[in-house]
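Just so it is clear: chains get the letters A, B, ... in the order the sequence lines come, proteins before strands, and each one is counted from 1.
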Amino acid sequence: MNGSSVAKYTSWITSSPITFDETTHTQIGIMVKKTSGGIITDNLSQILYYTTGSQETIGNLATKDYVENFNQKKMKCIYPDGFTSRIKPDIYFDGGYYADINTDDYKISGNSEIWVSVDGNDSTGDGTKINPYLTITKALTNSAVTIHIAEGTYSQGTHYNANVSFGGRNFIGHGTVTFENDSSGHSTVTTSSAYFENIIFKHGNTSLNPAFSAACSGSSQ
Amino acid sequence: MCFVGCTFRDAGNNGLSVTGMDAVLIGCIAYGNKLDGFNYHNKTISSVVYVPNVLEINCIAYNNGSSQSGSDSCNGSTAHDGVQIIRLNGEYYSCYGGVIAEIGGTNDGDPTTKSVNFGVLAHESTGTGTYCASFWASYNTEMYL
């Protein structure tokens, strides 16, 4: 079942799992279209691979047969017709699904960077790694694009203000980094694009808001 | 916007709520939230509708929602309102509702919510409603598994 989309412990998935026949070099994965809850109403197969060479399309087009790079057994998956997402990476199958993603592509561009640490100091610190700031609030007054955050727990109200937008920056956590929102209902938020890496966003259970809320302001998506 | 290796936990609402923004999540986890783990909606500003496009890779959502949440529509990951989402691998389980649930608009002309799921494992809805399936598609939705 490796790599297949399955619904474990439910009865309505009836499609076959991914299979690969080493003798015939046939690899088949079936993707079904589901348009209403609980029942497959349209067996529109999306992925079916068979090959004797590279970059070959065979079989019934209705099932979107496709093959690529046979020698590496690397199959390119096909998106359904009408799927127009702006974020649509090439996805391959060679026994499991994968995509070649470079996370740097999603970072806010710019080389400037500063550091924040729970052991830092907003008054005497200069934002360098050896002399970091204490708070995210102070870091956000700096124009640096990338904010490195040393291990520790950062509390809303102490290290960052409620409902301040984190947009337009890269936040890179080092070690275990936790942003702990207060219990009054505030979230960590952004109203424009940003990049976050290795950060835990945590809330008290009494809060009525998300741990992180991202909402466009109307100028960008 | 992009989250890599991030965790969203213990919220009294959703773990991550995205409205009107494109989002890429890689290796992220959502658990212990009262409602959904990952939640995506559109947003209308000055009559302009911003519909997110989303990519989830190797994400995990579990233990979101409970019988105390007041609804059995708490999902591990859920797209609404015409959102187009790709999920690649990942595991979603033990949520109090459809574990992965896509829900389109109920009015004529509403955009179709679309999800494409490659290698996604969803299992063990803990809810009791009729839509507490591992994968749930409702209203104006196309879900590819």
Which region of [X], side chain (C-beta onward) or backbone (N, CA, C, O), has a non-hydrogen atom less than 4.5 Å from a non-hydrogen atom of chain B, or is it both or neither?
X        : value
A:Ile172 : neither
A:Ser213 : both
A:Thr190 : both
A:Lys88  : both

Quick one: [atom1] on [X] to [atom2] on [Y], what's the gap to the nearest 0.5 Å?
X        : Y        : atom1 : atom2 : answer
A:Ile101 : B:Leu55  : CD1   : CG    : 5.5 Å
A:Phe83  : B:Ile85  : CZ    : CD1   : 8.5 Å
A:Glu197 : B:Ile26  : CD    : CD1   : 9.5 Å
B:Cys6   : A:Ile200 : SG    : CD1   : 9.0 Å
A:Ile108 : B:Met1   : CD1   : CE    : 9.0 Å

Look only at the side chain of [X] and the backbone of [Y], and say whether a donor-acceptor pair between them is shorter than 3.5 Å.
X        : Y        : result
B:Asp10  : A:His203 : no
B:Lys114 : A:Gly82  : yes
B:Lys43  : A:Ala215 : no

> Is the number of heavy atoms from other residues, nucleotides or ligands under 6.0 Å of A:Asn102 CG greater than 12?
Replying inline: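 Yes.
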>> Pair A:Cys216, B:Thr19 - check side chain to side chain contact (heavy atoms under 4.5 Å, CB included), show working.
In response: CA-CA 7 Å; A:Cys216 74; B:Thr19 53; over 6 Å; no
>> Applying ring-ring contact (aromatic ring centres under 6.0 Å, His included) to B:Phe3 and A:Phe212, what does each step give before you reach the verdict?
In response: CA-CA 11 Å; B:Phe3 297 93; A:Phe212 194 104; 5.0 Å; yes
Determine whether [X] and [Y] make a side-chain contact, defined as any pair of heavy atoms from C-beta on separated by less than 4.5 Å.
X        : Y        : value
A:Phe196 : B:Val4   : no
A:Ser85  : B:Val116 : no
A:Thr103 : B:Cys2   : no

>> So which residue, B:Ser125, B:Gly5, B:Gly15, ends up with the most heavy-atom pairs under 4.5 Å with chain A?
In response: B:Gly15
> Looking at B:Ile100, B:Val18, B:Leu88, which makes the most heavy-atom pairs under 4.5 Å with chain A?
Replying inline: B:Leu88
Report which part of [X] has an atom under 4.5 Å of a heavy atom belonging to chain A: side chain, backbone, both, or neither.
X       : value
B:Val48 : neither
B:Leu35 : neither
B:Leu16 : both

> Under the side chain to side chain contact (heavy atoms under 4.5 Å, CB included) criterion, do B:Ile86 and A:Tyr79 qualify, and how do the steps go?
Replying inline: CA-CA 10 Å; B:Ile86 300 162; A:Tyr79 289 100; 3.6 Å; yes
>> Holding to side chain to side chain donor-acceptor pair (under 3.5 Å), I want the full list of residues that pass it with A:Thr84, two or more places apart in sequence or in another chain.
In response: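 Only B:Gln84 meet the side chain to side chain donor-acceptor pair (under 3.5 Å) criterion with A:Thr84.
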> Between A:Pro210 and B:Ala11, which heavy-atom pair has the shortest distance, and what is it?
Replying inline: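 So the two residues come closest at C-CB, 3.9 Å.
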>> Under the criterion side chain to side chain contact (heavy atoms under 4.5 Å, CB included), I'd like the reasoning laid out for B:Val24 against A:Ile87: C-alpha separation, chi angles, the key distance, then a yes or no.
In response: CA-CA 8 Å; B:Val24 174; A:Ile87 307 171; 4.0 Å; yes
